[in-house]
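Each remark here refers to the structure printed beneath this line.
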Amino acid sequence: MTAKLLTIGLVVASLVGYQLAQRTMPTGANPFTVVAIAYFLGIIACVLLAPGVGKPIGLEDAALLKQWPIWVLALSVVGIEIGYLLAYRAGWPLATTTGVTYTSTMVLLALIGATFFSESISLRRAAGLALAMGGVWLLVAPTRAP
């Protein structure tokens, strides 16, 4: 299996585990406590795994704090964590939640990529985006009684 497929497999497996964990989190738990504990455990995992892909985490890595993308990433991951947890608590079904959020994200990123990063949206890609949006509509559109 190629490295490309392994990386996508890791993402997919992690996303499935992530969504299942979020969906089954105890409803009485404070969402911010859940995220804090998850990130504490994640920090431990990162410290232990970092040497396997380069060098151990060191003080020189603190220079990342001077870069704006790290701050946006931090706020984004907290927003994702809290957002999914609260969406599930609000009653969103598992497949619908991920379908709506991932498709919406994909469409927005395609537009941002075309506008700011000179990425092309071919006719084929535009058709794929349209089909994905149609799928989301089918997921969330109210059903009509016969």
Side-chain angles (χ1 to χ4, degrees), residues 1-50 52-54 57 61-146:
M1 197 182 285
T2 68
K4 270 185 158 178
L5 288 177
L6 285 174
T7 58
I8 293 300
L10 175 62
V11 172
V12 171
S14 298
L15 284 170
V16 169
Y18 170 89
Q19 294 297 341
L20 292 174
Q22 284 279 41
R23 181 68 178 87
T24 58
M25 195 62 60
T27 57
N30 181 316
F32 290 95
T33 302
V34 169
V35 172
I37 292 170
Y39 276 84
F40 174 73
L41 296 173
I43 288 168
I44 293 170
C46 287
V47 168
L48 295 174
L49 295 171
V53 294
I57 296 171
D61 296 315
L64 284 170
L65 292 170
K66 296 178 185 175
Q67 306 294 321
W68 68 266
I70 199 71
W71 293 94
V72 172
L73 181 61
L75 291 173
S76 297
V77 295
V78 170
I80 290 167
E81 302 290 354
I82 298 299
Y84 273 116
L85 192 55
L86 295 177
Y88 289 133
R89 287 183 180 179
W92 278 84
L94 192 63
T96 303
T97 306
T98 55
V100 170
T101 57
Y102 291 151
T103 301
S104 301
T105 302
M106 178 180 55
V107 170
L108 286 170
L109 288 175
L111 295 172
I112 291 168
T115 304
F116 297 105
F117 296 99
S118 302
E119 296 176 4
S120 65
I121 299 179
S122 65
L123 185 58
R124 180 179 173 166
R125 286 188 180 181
L129 292 170
L131 286 170
M133 289 186 295
V136 166
W137 179 81
L138 289 171
L139 283 173
V140 299
T143 56
R144 296 182 187 178

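Scope of the values below: all heavy atoms of this structure, side chains included, with no hydrogens, waters or symmetry mates.
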Applying ring pair (Phe, Tyr, Trp, His ring centres under 6.0 Å) to Y88 and not counting sequence neighbours gives none
A side-chain contact here means heavy atoms from C-beta on lying under 4.5 Å apart; do S104 and V136 qualify? no
Side-chain contact test, heavy atoms from C-beta onward, threshold under 4.5 Å: evaluate it for Y84 versus W92 and give yes or no.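 A side-chain contact is absent here, since even the closest heavy-atom pair is not under 4.5 Å.
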From [X] [atom1] over to [Y] [atom2], what is the distance, rounded to the nearest 0.5 angstrom?
{"X": "M106", "Y": "L111", "atom1": "CE", "atom2": "CG", "result": "11.0 Å"}
{"X": "L109", "Y": "F116", "atom1": "CG", "atom2": "CZ", "result": "12.0 Å"}
{"X": "L85", "Y": "I80", "atom1": "CG", "atom2": "CD1", "result": "13.5 Å"}
{"X": "I44", "Y": "L49", "atom1": "CD1", "atom2": "CG", "result": "11.5 Å"}
{"X": "L48", "Y": "I43", "atom1": "CG", "atom2": "CD1", "result": "12.0 Å"}

Sequence neighbours left out, what pairs pass side-chain hydrogen bond (donor to acceptor under 3.5 Å, both in side chains) with at least one residue falling in residues 134-146? none
Looking only at non-hydrogen atoms, find the nearest pair between [X] and [Y] and report the distance.
{"X": "L139", "Y": "G99", "value": "CD1-CA, 4.2 Å"}
{"X": "A110", "Y": "I121", "value": "O-CD1, 3.6 Å"}
{"X": "L94", "Y": "Q19", "value": "CD1-O, 3.8 Å"}
{"X": "I70", "Y": "L65", "value": "CG2-CA, 4.1 Å"}
{"X": "I57", "Y": "C46", "value": "CD1-O, 4.0 Å"}
{"X": "A87", "Y": "T97", "value": "CB-CG2, 4.3 Å"}

Flag yes if more than 12 heavy atoms outside Y102 fall under 6.0 Å of its OH atom; otherwise flag no. yes
Within 6.0 angstrom of R89 CZ, more than 12 heavy atoms from elsewhere: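 Atom CZ in R89 is crowded, with more than 12 foreign heavy atoms closer than 6.0 Å.
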For Y39, what residues pass the side-chain contact (heavy atoms from CB on, under 4.5 Å) criterion, not counting sequence neighbours? V35, V77, E81
[Y] backbone acceptor or donor facing [X] side chain under 3.5 Å:
{"X": "T103", "Y": "V100", "value": "no"}
{"X": "T98", "Y": "A95", "value": "yes"}
{"X": "T7", "Y": "K4", "value": "yes"}

